[in-house]
Each structure stands twice: as structure tokens, then as C-alpha cells.
Amino acid sequence: MTMLKNYLLIALRNSWKNKTYSGINIFGLAVSLAVALLMLLWVKDELSMDHFHEKGEAIQRIFMVYPQEGGKKVVNGNVAFPLLEKVDAEVPEVEEVLYFGYPQTQLVTKDKLSYKEVGMYSNTGLFKTLTFPILYGDIEQLDQGLDGMAISEGMAKRFFGREWETAALGGSLRINDTDEFVVRAVFADVPQSSSLEFDFVLNVQHRVKHNPWLKQWGNKGMGGIILLREDASVAQAQEKIDAIYRKSEAFEEGEDVLLQTYGDHYLYSQFDDQAQAAGGRIEYVRLFSVAALLLLIIACINFVNLATARASKRAREVGVRKAIGAQRSSLIQQFLFESLVITTIAVAVAVLFAELCLPAVRSLVEKPLHFEYWSIEFWLTIVSVIGITAFLSGLYPAFVLSAFKPIHVLKGKLLSSFQFMSLRKMLVITQFVLALILIAGAMVIQQQIAYIKNKNLGLEKENVFFISMEDKAAENYQLLKEELEKYPAIQSITAVSHNPTEVGSSTTGVEWDGKRKDQLHQEFKMIWVEENFLEGFNIPMADGRFYDPGMRMDTSNIVMNEKAIEVMGLENPVGKRIEFWGQPVTIIGVVKNFHVGSLYEPIEPLAMILDKDMGSWMFFRSEAGQTEAAISALKQTYDRVLPNTPLDYQFLDEEYQRKYQGEVLTGTLAKYFAFISILIACLGLLGLSTFLAEQKTKEIGIRKVIGATTQHIVGLLSKDFLILVGTGLLMGVPIAWYLLQNWLTKFEYGIHLQWWMFAVPVIASILIAVLTVGVQSLKASWSDPVKALRSE
């Protein structure tokens with residue numbers, strides 16, 4: 001205990017005596033550790049998504065695998081309702097089958113209360129398979145009647161007030177002002193660590209009754225999750241489910257069934273062209289984890305650099321201690337303990353920094369992150385971070401300093417001969433290699449995000465806003481349209497089945513003359529439109545005409561995009577007959593290609609079908625500069641035509657950008673990482689240049705006495721550092737180029753790397769380094785040579 005006390009006193013005295021170095025070390029480590037802690041918090045949250053379900057690995061989601069041209073495969077999460085029924089009845093390995101329709105925001109009403117709530121269709125298997133505890137009621141009743149529903153605790157409080165615990169069960173709620181449902185059960189609010197979010201659940205059979213097409217094997221409009229029995233094999237279950245599908249009327253050669261552990265899908269949602277899980281959000285987890293680690297390495301490099309730079313000052317202390325009998329092991333312990341003290345102080349400051357930054361981080365990542373100071377896991381993490389960082393940053397200095405031979409030190413030989421320049425050179429170069437990767441990465445990611453935001457999609461998304469058409473809005477669509485067309489601020493109004501930038505429906509049911517065998521599973525995206533669809537988005541025609549309100553025969557015609565015509569290999573397509581879902585139709589027009597999905601994928605073949613009754617969304621284009629007037633007109637008309645119905649509108653350009661939130665987050669964090677990395681690297685340069693200036697105090701004094709200029713002295717002190725910085729930056733360019741080029745290949749449409757994207761960060765880093773070293777060099781050159789020589 002006495003020994004530790006002595007170590008602590010020595011460490012504190014040395015830190016206080018060398019405030020500059022200690023301050024640089026503590027600040028650099030604190031900033032890096034704060035970033036690392038925040039990233040660990042985010043990573044922990046991402047890794048915990050969907051892992052709270054108690055059945056774990058036994059929960060499997062069903063996917064369909066479809067063959068494509070060139071031997072490629074595509075994975076889809078929609079399955080046929082009859083398949084799930086067969087699995088439930090015929091696969092002994094399966095204990096529960098969870099049917100689910102994807103959550104949608106719907107209008108829920110009780111008396112004069114109306115709220116937009118997220119609801120989904122499912123069955124009792126939802127609560128038996130996944131861990132969503134039932135608080136009140138009998139969830140079995142959900143499957144016993146088409147009018148049953150289960151609601152969350154929060155929703156029960158909103159609609160039934162303080163007495164919700166007794167008033168909710170048996171109470172009735174109206175969905176979209178059409179159907180009345182009775183509350184059969186109340187479940188605990190869905191935790192934030194669930195990727196599946198919903199406020200209420202309706203019996204899936206209600207959806208099947210109103211959508212009989214779901215009973216057809218060829219229509220895959222349902223999500224499916226299964227719970228395997230304890231002794232069941234995933235491979236055997238998948239084989240049996242696949243066998244069931246192969247016997248169905250919808251099976252076509254090359255199709256397969258795939259099972260994926262439910263808890264894995266959040267992070268591994270992307271599949272390669274051979275239907276293997278290839279990534280997803282896990283890439284961001286890895287990216288940010290590596291970036292945080294790089295920052296920590298840069299800070300540890302500072303520690304090692306400054307410790308070895310101060311070695312000559314500590315050498316005499318080591319020599320004396322060894323001469324009076326100190327063992328090397330005790331010296332190693334002392335220096336490691338000093339590293340531990342500084343790291344502990346840095347961690348304390350880092351936790352404070354992290355807590356202060358937490359509100360901004362929550363807003364940035366859109367997650368309610370918080371440190372669990374009361375948990376053992378938090379303190380184990382802190383202790384681990386302290387231990388690992390102290391060990392990594394103090395290991396080399398401890399072993400080197402403890403190896404000094406006392407006879408050489410006391411004779412003064414070591415002070416003149418011992419140098420750590422080769423080590424320091426390598427570490428400085430490494431720092432700036434890492435800094436260049438982060439800075440160039442931030443610049444390229446920002447350029448790619450700007451490209452995504454501003455890319456010409458083939459349609460105009462500016463000045464366009466839209467609303468979801470629930471049953472009541474759909475019933476009054478024509479009236480709403482007629483009333484709104486009276487306002488000059490609104491240029492066009494159209495009903496569409498899907499957001500044109502994210503078309504989800506597709507079919508393989510297109511036949512044409514000359515269709516090849518490898519095109520058997522060729523998918524065509526589908527969107528249902530009305531006659532003025534093109535006007536709403538300013539989409540140009542490539543050939544023929546679009547649907548005409550005066551042409552009754554247009555219901556048996558079809559319009560396709562250029563990509564569809566290219567895939568079918570049709571020349572002079574207008575007037576050609578093809579089959580769509582077994583019905584003969586005539587191609588009357590071809591529209592210019594526009595993006596109907598992600599920029600990660602190429603433009604897909606698209607069929608536009610005339611049927612405004614299929615419209616789920618109402619899109620408005622306002623006159624330029626009159627968006628506010630157009631929205632005001634919509635609010636007034638909506639209140640008049642649909643009183644007591646909440647209006648929820650969205651802008652198309654903002655909705656489009658939300659698709660790339662991950663990329664935007666990556667870019668923002670990359671900017672912060674780049675700034676912090678160059679800050680910490682330059683802090684190290686500041687410390688080293690300060691120490692070098694102190695070492696050369698006598699030399700600088702003599703040079704000034706014999707006439708050396710300020711420029712000459714600044715050059716003397718700066719030259720070696722700038723060579724190292726330049727070397728590190730140039731070495732980082734090819735590494736950064738390779739990593740960024742690999743990242744950009746994930747986008748079907750992206751920027752091309754340019755030389756200036758690397759030249760700018762190199763020049764900027766050199767200028768910052770020049771400023772950092774130059775300021776200290778100038779300070780040294782302006783010192784009084786008389787005082788310097790007197791002190792020597």
C-alpha cells in the first residue's frame with residue numbers, strides 16, 4: 001500500500017511539474033476516450049436491437065429467394081399467406097407461426113379523440129414468439145373474432161385516460177373512420193430496442209377477408225416468422241418449408257425458401273447475389289468502431305511520443321534509483337502506474353465530456369442513448385478502457401525507461417547518445433496516415449451525400465408534398481381534388497399507389513414474344529396511377545403517349561419505362577401487344593427512366609397501370625415559391641371536407657433524403673472524426689516541438705548570438721516534423737483511395753474519386769501542422785539568448 005502511495009505521489013508530482021505534457025496527454029486521451037465511449041454506447045444499442053426476445057435463436061424469419069439473369073439471386077421478405085398456413089399445419093419442427101402485415105400509420109378515433117397510431121395485422125403468435133408482455137386481457141381472443149384488437153399501454157392511456165387499466169378492456173376504437181374494433185388485450189409498450197414498432201394489432205384474418213387475393217399462392221403480401229421447437233434443426237425446418245412451397249402452384253424452377261435468425265436481420269438485412277447475408281447496418285457498426293479505435297490509437301501514440309521524448313529527463317532519475325538497488329520490475333510498475341494515473345484522470349474527464357455531448361449525439365443518431373451509471377457493465381467497461389489504454393500507452397515507455405543502464409546514465413553517456421527518433425518518426429507518420437484516411441473519408445462521403453441529394457432522379461421532387469389516403473380520404477378523393485384545384489398555388493394533384501421514388505410492388509407476370517428462358521423470373525416494378533401522373537412529377541415521355549382521360553380503352557393499355565422495353569428487347573414498342581397477369585395489353589407509351597428505388601441498385605423495369613382507385617397516396621405539386629400557400633389551402637379544404645380528421649403531410653424531397661439517413665449519419669460522424677483526429681495529432685506535434693525547443697535552448701541561444709535569423713531557427717525546428725507529416729499524409733493517400741473506392745462501389749450511382757479529394761486534405765493538414773509547429777518554433781526563436789545561455 002505504501003509503495004502504491006509513493007507511486008501515486010511521484011506520478012502526480014511529475015504531472016504537475018510537466019503541466020504542458022500532462023495537459024496534452026490528458027486532453028488528447030480524454031477527447032478520444034469520450035468519442036470511444038459515445039461510439040461504444042451507440043454500438044451497444046445497435047447490437048442489442050431485437051436481442052431482448054427470450055426465444056432468441058429459435059425465432060426465424062422466412063424469406064423467398066428468386067433466380068435472376070446471370071445466375072444471380074434476389075431475396076424478398078414477402079411470402080404467400082397459404083405457405084404460412086401450411087407451415088403451421090404440416091411442419092412438426094415449428095411451434096408457432098407469426099403472420100404479420102407491415103406496420104402502417106392509421107387514424108384511430110374514440111368519441112372526439114383522434115390520433116395517428118401505428119398498427120399492424122398479426123395473430124397471437126406475435127406475442128407467443130416475440131417478447132411483448134401482455135399486461136391485461138387474454139391475447140388468445142385476438143384470433144377468435146375479426147373485430148378484436150390488442151393495444152399498447154401508451155395507446156390505452158391516450159384513449160382511456162387515468163382509468164385505462166379497467167376501462168380499456170372491452171372498449172371500442174374506430175380505425176380510419178370505417179371499422180370498429182374491441183380491445184381484447186393491452187401489451188407493454190414496444191421497447192426502443194425493437195426494430196418492429198407498433199401501437200396496436202388487428203387480427204390478420206380481418207385483412208385476409210377484405211383482401212381475398214392474399215389466399216392465392218402467387219400473391220406474396222405477408223411477412224412470416226416462425227418459432228422452432230427446442231430440439232428442432234433450422235436446416236430441417238427450412239428443407240421442409242421449401243418442400244411445401246415446391247409442391248405449390250406458384251413454384252417456379254430456381255425458387256427457394258430461406259430462414260434467417262430474427263435477431264440478425266436488423267444488422268444483416270442485405271443479401272448478395274447468391275442469397276447470402278452480406279451486410280447492412282453492421283457495416284456502420286464496424287465503421288464507427290474502427291474510427292473510434294483509430295482516434296484512440298492516435299491519442300496513445302501521443303502518449304508514447306511524449307513519454308519517449310522526455311526519456312532523457314527521466315534517465316538520471318532511473319539511473320539513481322537503479323544505483324541504490326531498485327529492480328527493473330519495480331520501475332516498470334512505477335511507469336505503468338504513472339500511465340494508469342494519467343489515463344484514469346483522462347477517463348474521468350472523458351466521461352464528463354461524453355455526458356455533455358450526449359444530448360447532441362442523441363439528436364444526431366436519433367436514439368435515446370444514456371449511460372447506465374448504476375450498472376456493473378458500465379463500470380466494467382470503464383475499468384477495461386482504463387486498463388487497456390493505460391497498458392497500450394504506457395507499455396513501451398515503461399520497458400524502455402526501465403532498461404537504462406545506471407553506469408551510462410551517471411557518466412552522462414546516455415544523455416548524449418540515447419535517441420528515440422526512429423520510434424517517434426514512425427509514430428508521427430502513423431498518426432498522420434490515420435488522420436489522412438479520416439479526413440479524406442469525410443470529404444468523399446460528403447461529396448457522395450451531396451450527389452445523392454442533388455441527383456436528377458428523372459422526376460422532380462421539389463415543391464411536391466403528399467398525404468396518405470385512409471378510407472375516408474379515399475372515399476372523398478374526387479371532392480378533395482375538385483376543391484383544391486380551385487387554388488392557384490396548387491399546380492397539380494394526383495393519386496398514386498406508391499411513392500414514385502420507392503415503388504415496392506413487383507411482378508414476374510409479364511410475357512412477351514421472344515422472352516428468353518433466363519428471363520422467366522424477370523421482375524417488373526408496378527405502380528397504379530391516374531391520367532395526370534406525369535404532370536405531377538414532370539416526367540417526360542420517350543415514345544408514344546400517356547393515358548388519356550377521354551380514352552375508355554386505356555384500361556386495357558399499358559405504359560412502361562425505357563428499362564422495361566430494353567429488358568424485353570422490343571423495337572418500336574408502341575402498339576406492341578404483351579401479356580400482363582395473363583391478360584393481353586397494348587403498349588401505348590414509353591416514359592423516360594426515373595429512379596423507383598435505391599441508388600444502390602440500377603433502375604428497374606417499370607409498368608404503370610391506370611387505376612386511380614388503387615391510389616394510397618395523394619400527391620400535390622405547388623407553384624414554385626408558393627408551397628406555404630398550397631399547404632394552407634390543403635389544411636382549409638381538409639378541415640372542411642374531412643372535419644375532425646388529423647392532417648399529416650410530408651415533402652417528397654425530405655422523404656427521399658430520409659432513405660439515406662445512414663449515409664448522412666456516416667458523413668456527419670466522419671466530419672467529427674476527421675476534425676478530432678487532426679486536432680489530437682497536432683496536439684502531439686505541439687508537445688514534441690515544445691520539448692525539442694526546450695532541448696535545443698542552448699543551441700538556439702548560441703545560434704542567435706552568432707547571427708542566426710528567426711527564419712533559420714524556425715526552419716531548424718520545423719523541418720524534420722514537416723517531413724514526417726508530409727510522409728505520413730502521402731502514405732495515407734493510396735490507403736484512403738482503396739478504402740473509399742471500395743465504399744463507393746456499393747452505390748450503383750455515385751461519384752468518381754478525383755485527385756483534389758486527396759490533395760485538399762493533404763494541403764490542409766500540412767498547413768495546420770505548419771501552424772502548430774511554427775507557433776512553437778517562433779516562440780523559441782524570440783526567446784532571449786542571454787537567458788538561455790545563463791540557464792545552461
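The first residue of the sequence shown is numbered 1, and numbering continues consecutively from there. Predicted model only: the values in this text are computed from it and were never measured.
Summarising the geometry of Gly728 relative to Val433, their closest heavy-atom pair is O-CG2, 3.1 Å, with the distance given to 0.1 Å. The nearest pair of heavy atoms linking Thr343 to Leu29 is OG1-CD1, 4.3 Å. Val567 and Pro605 get closest at one heavy-atom pair: CG2-CG, 3.7 Å. Residues Ile539 and Val591 come closest through the heavy atom pair CG2-CB, 4.4 Å. Pro500 approaches Leu459 most closely through the heavy-atom pair CB-CD2, 3.9 Å. Closest approach of Leu369 and Leu41 over heavy atoms only: CB-CD2, 3.7 Å.
In this pair, Phe466 and Phe619 present their aromatic rings parallel. The plane angle is below 30°, not in the 30 to 60° band.
Residue-environment remark: CZ (Phe675) stays at or below the threshold of 12 foreign heavy atoms within 6.0 Å. Crowding of Glu502 atom CD: a count of heavy atoms from other residues, nucleotides or ligands under 6.0 Å not exceeding 12. Heavy-atom contacts from other residues, nucleotides or ligands closer than 6.0 Å to NZ of Lys455 number more than 12. Within 6.0 Å of CD in Glu628 there are 12 or fewer heavy atoms belonging to other residues, nucleotides or ligands. Around the CD atom of Gln192, the shell of radius 6.0 Å holds no more than 12 heavy atoms that belong to other residues, nucleotides or ligands. Shown here is Met731, whose CE atom has no more than 12 heavy atoms of other residues, nucleotides or ligands within 6.0 Å.
Rounding to the nearest 0.5 Å gives a distance of 5.0 Å between CH2 of Trp743 and CD1 of Ile445. In this structure, CG in Leu729 is found 6.5 Å from CZ in Phe432, a value given to the nearest 0.5 Å. Taking CG from Asp653 and CG from Asn463, the interatomic distance works out to 8.0 Å, rounded to the nearest 0.5 Å. We find the CG-OG distance between Leu40 and Ser384 to be 10.0 Å, quoted to the nearest 0.5 Å. Going from atom OG1 of Thr381 over to atom CD1 of Ile386 covers 11.0 Å, rounded to the nearest 0.5 Å.
The side-chain heavy atoms of Gln754 and His752, taken from C-beta on, include a pair separated by under 4.5 Å. His265 is not listed as a side-chain neighbour of Ser195, based on a closest heavy-atom distance of 4.5 Å or more. The side-chain heavy atoms of Leu744 and Gln448, taken from C-beta on, include a pair separated by under 4.5 Å. Side-chain atoms of Val351 and Phe371, non-hydrogen and from C-beta on, never get closer than 4.5 Å to each other. The shortest distance between side-chain heavy atoms of Val596 and Ile603 does not fall below 4.5 Å. Using a 4.5 Å heavy-atom cutoff, the side chains of Val365 and Tyr284 are not in contact. Residues Trp42 and Val361 fail the side-chain proximity criterion, which asks for heavy atoms closer than 4.5 Å. Residues Val762 and Ile439 form no side-chain contact, since every pair of their non-hydrogen atoms from C-beta on lies 4.5 Å or further apart.
Using modelled atom types, one side-chain atom of Arg621 and one backbone atom of Glu462 make a donor-acceptor pair closer than 3.5 Å. Side-chain atoms of Asn593 come within 3.5 Å of backbone atoms of Glu562 as a donor-acceptor pair (strictly under, hydrogens ignored). Checked by atom type and distance alone, the side chain of Tyr672 never pairs as donor or acceptor with a backbone atom of Val35 at under 3.5 Å. For the pair Thr745 (side chain) and Asn742 (backbone), a donor-acceptor distance under 3.5 Å is present. Here the side chain of Asn561 pairs a donor or acceptor atom with the backbone of Glu604 at under 3.5 angstrom.
Applying the ring-ring contact (aromatic ring centres under 6.0 Å, His included) rule to Phe465 yields the partners Phe620; only residues at least two apart in sequence or on another chain are considered.
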Side chain to side chain contact (heavy atoms under 4.5 Å, CB included) between Phe758 and Leu740, intermediate numbers included
CA-CA 11 Å; Phe758 300 89; Leu740 292 168; 4.1 Å; yes
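In the model, Lys525 has no side-chain atom that pairs as donor or acceptor with a side-chain atom of His498 under 3.5 Å.
Here Lys461 does not pair with Glu655 in a salt bridge; the nearest charged N to carboxylate O distance is not below 4.0 Å. Taking 4.0 Å as the cut-off between side-chain N and carboxylate O, Lys563 and Glu566 count as a salt-bridged pair.
For an aromatic pair to be called close, the ring centres must be under 6.0 Å apart, and Phe594 with Phe537 fails this.
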